Number of protein chains: 2
Amino acid sequence: MKLDRELLKGATETIVLAALDRQPLHGYQLVEHLRTQSEGILALGEGTLYPLLYKLEANGLVRGRWEKSAGERRKRVYSLTRKGHRCLAERSAQWEQLVRGVTLILGGKSYA
Amino acid sequence: MKLDRELLKGATETIVLAALDRQPLHGYQLVEHLRTQSEGILALGEGTLYPLLYKLEANGLVRGRWEKSAGERRKRVYSLTRKGHRCLAERSAQWEQLVRGVTLILGGKSYA
DNA sequence: TGGTGATACCTCGTATAACAAAGTATACGC
DNA sequence: GCGTATACTTTGTTATACGAGGTATCACCA
């Protein structure tokens, strides 16, 4: 089942911040990471992730550093800033609020 | 705490369908219903709800009927169609998938 | 009778976010 | 040297939730 494209809106930032909180990752890695860690449920494309990372960096929530080892392609590795960490806490709390609100409406009832 | 306006995107239809599955409601009532039932977490404005109801009706997911009792204002009461019920099942399942995916990334960790 | 507030509906413009698609470039195996 | 996987970038499209404005009716009360 493919998730509705609108459903994830607003939560994307949160999951990116959460992933980067665990370990620094570069963009392409992040795509794979999110896909596998979410068991394929959250499959963000590069066209979503890269612009998002730029925005997060511009807002001071993540910091990107170019890395280049011998025999490797250059890559930009992102890590969470302190501000990003605080933002993650906030967004994480909001996410839980949302889940709570929706759950209250759905009422634990299964519609399947 | 006010929810980020983007966070709810995509879930709005689901909660409206779920509310109407329990009981027919008219638009204004629906605003109140969602707000109180979700303990104030989901506070949709009329500018969100009315156009959404028109869309749902155009798609055959809900049916609206004008009602007018003596000494009452006219109101349009919406109820779920069979198609709407099926759609609710689908969207409800998608919602649970999303929650599962995000939870896997957040990893049960509390960022507060 | 006239004013206020709650009810109930309607509509437009705006912001923004996620995506698809296309492009560039490098490393590696064969 | 050719294909494939890696890695990053950009653009245009679409959907949606919201704010702010509007109209109208009813109950209440002074």
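As the structure is a computational prediction, the values presented were derived from the model and not from experiment. Residue numbering restarts at 1 for every chain, and letters A, B, ... go by the order of the sequence lines.
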Original post:
With sugar-phosphate meaning primed atoms plus P, OP1 and OP2, does A:K9 contact a base, only sugar-phosphate, or nothing at under 4.0 Å between heavy atoms?
Top reply: base
**OP:** Starting from the 5' end of DNA chain D, give me the residue, B:L8 or A:V77, whose nearest nucleotide shows up first.
**Re:** A:V77
Original post:
When you measure from every atom of DNA chain D, which of residues 47-70 of chain A have a heavy atom less than 4.0 Å away?
Top reply: A:G47, A:Y50, A:P51, A:Y54, A:W66
For residues 48-63 of chain B, which side-chain donor-acceptor pairs fall under 3.5 Å, sequence neighbours excluded?
{"from": "B:Y50", "atom 1": "OH", "to": "B:Y28", "atom 2": "N", "distance (Å)": "3.3"}
{"from": "B:K55", "atom 1": "NZ", "to": "B:E13", "atom 2": "OE2", "distance (Å)": "2.7"}
{"from": "B:E57", "atom 1": "OE2", "to": "B:G64", "atom 2": "N", "distance (Å)": "3.1"}
{"from": "B:E57", "atom 1": "OE2", "to": "B:R76", "atom 2": "NH2", "distance (Å)": "2.9"}

**OP:** Heavy atoms only: give me the nearest A:L34-A:S38 pair and the separation to one decimal.
**Re:** O-OG, 2.8 Å
**OP:** Please tell me which of A:G10 and B:E46 maps to the more 5' nucleotide of DNA chain C, matching each residue to the nucleotide holding its nearest heavy atom.
**Re:** B:E46
Subject >> Non-hydrogen atoms of B:K9 and B:R5 that approach each other most closely >> reply: CG-O, 4.4 Å
Original post:
Would you call B:L25 and B:L20 a side-chain contact if the rule is heavy atoms closer than 4.5 Å?
Top reply: yes
Original post:
Hey, is the main chain of A:C87 close enough, under 3.5 Å, to the side chain of A:K83 for a donor-acceptor pair?
Top reply: no
**OP:** With sequence neighbours excluded, tell me which residues meet salt bridge (charged side-chain N to carboxylate O under 4.0 Å, His left out) with B:R35.
**Re:** B:E32
Original post:
Minimum heavy-atom separation for A:V99 to A:T103, with atom names?
Top reply: O-OG1, 2.6 Å
Subject >> Distance in Å, A:L106 CG paired with B:T14 OG1, rounded so as to fall on 0.5 Å steps >> reply: 7.0 Å
Original post:
Tell me, which pairs form a salt bridge (Lys or Arg N to Asp or Glu O under 4.0 Å) where one or both residues lie in residues 39-51 of chain A, sequence neighbours left out?
Top reply: A:E39-B:R100
Original post:
Of the non-hydrogen atoms in A:Q94 and B:D4, which two are nearest, and what is the gap between them?
Top reply: OE1-N, 2.8 Å
Subject >> chain B contact limits on DNA chain C, taken 5' to 3' with a cut-off of 4.0 angstrom to heavy atoms >> reply: C:dT7 to C:dA17
**OP:** Look at all strands and tell whether B:E72 reaches a base, only sugar-phosphate, or nothing, counting heavy atoms closer than 4.0 Å.
**Re:** sugar-phosphate
Subject >> Nucleotide range of DNA chain D lying under 4.0 Å from chain A heavy atoms >> reply: D:dT6 to D:dT16
Subject >> Distance in Å, A:R22 CZ paired with B:I105 CD1, rounded so as to fall on 0.5 Å steps >> reply: 8.0 Å
**OP:** Would you mind telling me which residue lines up with the more 5' stretch of DNA chain C, A:E13 or A:R73, judged by nearest nucleotide?
**Re:** A:E13
